[in-house]
Amino acid sequence: MPELPEVETMVRGLRPVLEGSRLAAVRVLDARLLSGCSADSLAAAVAGAVVEQVCRRGKWVVLILSAGAGLIVIQPRMTGGFWLTPPPRPDHVRLIFELRGRRHPIWFCDTRRLGRVTWFPDPSAAERAFARSHGPDALQIGLDDLAARLARTTRAIKPALMDQKVLAGIGNIYADEILFEAQIHPSRPAATLRPTQIAAIHRAISAVLWRAIAAEGSSFDAGYRTVLGLEGGFLASNNLYGREGQPCRRCGLAIRKTRIPGLIGRPTYVCTRCQRPPRSVSGRSGRIGGVALD
DNA sequence: CGGTTACCCTGGATGC
DNA sequence: TGCATCCAGGGTAACC
């Protein structure tokens, strides 16, 4: 669930506590979340190191450690999150950062254990690992770069926006909100978008993500919370996600929850009046297994 | 190689 | 009430 705004909110919450602090120890309660390093190598490398900087790269949380200690990457994925106060579900704690001179540790909880934690001995190795699987950050990508990347795929615009190799940070919720803002149907083939439409998407990416960051992200069910345990406020004012059957805030038509080709298995919310379906998926042609798609 | 699907996980919601 | 099934959704491996 954590997408760019939620990860940015985590980073902003961790920064005042972590930056400049010395790590006393890292306790790995579930080794399954480690990727590419052992619990021993992580604990050994990290003990005594100072956290110089906390930053975000796409949906990664990055802790840059003092010279020689490398850096730690945390991918919260679906249900990962940090707590600065004792978490409500101690059984979901997977990792604990103990800080010198601070009474409370920082807890990393992850209900579904989909999150990943990696230690890189060398910052440049982490940079290469990120670049192998990610394009430019969604808040940094230039219009021309975005246009070029969308022009060279045969996919629909929504799966293209969610592809971290195209641009980093957008997931299922914000892809829908961005395409609503730009008034583009999620099934529209990315390469057929006109320059004005790409410009609208480029503007919508920044507008939606910054609005969500200001609201401290999106919360639902038992999922994401800020590091202070608070719920993000974005879903109180959003346009599509979770609003099936409710009136579009722009035109009043009922919001539909559907599935689109290329993203079967994930819900897509759309206003079919504000986001006109492309020819290829309107009418009777766009069906999979007897289910109408739009 | 680009695109698509299966699977990883758990718990809350839904269905019978 | 109890049990089975579905669903969420980021990411990667495997597949076509």
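Numbered from 1 within each chain, the chains take letters A, B, ... in sequence-line order. These values consider heavy atoms only, across backbone and side chains, with no hydrogens, waters or symmetry-generated copies.
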Rounded to the Å, how far apart are [X] [atom1] and [N] [atom2]?
{"X": "A/R113", "N": "C/dG11", "atom1": "CZ", "atom2": "C1'", "result": "18 Å"}
{"X": "A/D176", "N": "C/dA8", "atom1": "CG", "atom2": "P", "result": "12 Å"}
{"X": "A/L263", "N": "C/dC7", "atom1": "CG", "atom2": "C1'", "result": "16 Å"}
{"X": "A/D30", "N": "B/dC9", "atom1": "CG", "atom2": "C1'", "result": "11 Å"}
{"X": "A/E244", "N": "C/dC7", "atom1": "CD", "atom2": "P", "result": "12 Å"}
{"X": "A/K165", "N": "B/dT4", "atom1": "NZ", "atom2": "C1'", "result": "16 Å"}
{"X": "A/M78", "N": "C/dT12", "atom1": "CE", "atom2": "P", "result": "15 Å"}
{"X": "A/L33", "N": "B/dT10", "atom1": "CG", "atom2": "P", "result": "13 Å"}

Please classify the nucleic acid contact of [X] as base, sugar-phosphate, or nothing, using heavy-atom distances under 4.0 Å.
{"X": "A/R89", "result": "sugar-phosphate"}
{"X": "A/R266", "result": "base"}
{"X": "A/P159", "result": "nothing"}
{"X": "A/T154", "result": "sugar-phosphate"}

From the set [options], return the single nucleotide nearest to any side-chain atom of [X].
{"X": "A/R155", "options": "C/dG11, B/dG11, B/dT4", "value": "B/dT4"}
{"X": "A/Q164", "options": "B/dC8, C/dG11, B/dG3", "value": "C/dG11"}
{"X": "A/L114", "options": "C/dG10, B/dT10, C/dA8", "value": "C/dG10"}
{"X": "A/I264", "options": "B/dT5, B/dC9, C/dG11", "value": "B/dT5"}
{"X": "A/H92", "options": "B/dG3, B/dG11, C/dG10", "value": "B/dG11"}
{"X": "A/R32", "options": "C/dG10, B/dC9, C/dA8", "value": "B/dC9"}

message: Taking only the P atom of each, what is the distance from C/dT5 to B/dC7 in whole angstrom?
response: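 Straight-line distance between the two P atoms is 16 Å.
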
message: Test your reading of the model: is there a side-chain donor-acceptor pair from A/D176 to the backbone of A/Y269, 3.5 Å cut-off?
response: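 Here the side-chain-to-backbone pair exists.
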
A/E177 side-chain N/O to A/Y241 backbone N/O, donor-acceptor pair under 3.5 Å: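 Yes, because the side chain of A/E177 sits within donor-acceptor range (under 3.5 Å) of the backbone of A/Y241.
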
- request: Determine: side-chain N/O of A/T153 to OP1/OP2 of B/dG3, distance under 4.0 Å, yes or no.
  value: yes

message: Can you see if the side chain of A/K257 gets near the phosphate of C/dC7 - specifically, an N or O under 4.0 Å from OP1 or OP2?
response: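 Indeed not, no polar side-chain atom of A/K257 lies that close.
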
Less than 4.0 Å between a side-chain N and a carboxylate O, is that true for [Y] and [X]?
{"X": "A/D137", "Y": "A/R56", "value": "yes"}
{"X": "A/R225", "Y": "A/E231", "value": "yes"}
{"X": "A/K165", "Y": "A/D163", "value": "no"}

message: Quick check: do A/R259 and A/P267 have side-chain heavy atoms less than 4.5 Å from each other?
response: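 In contact.
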
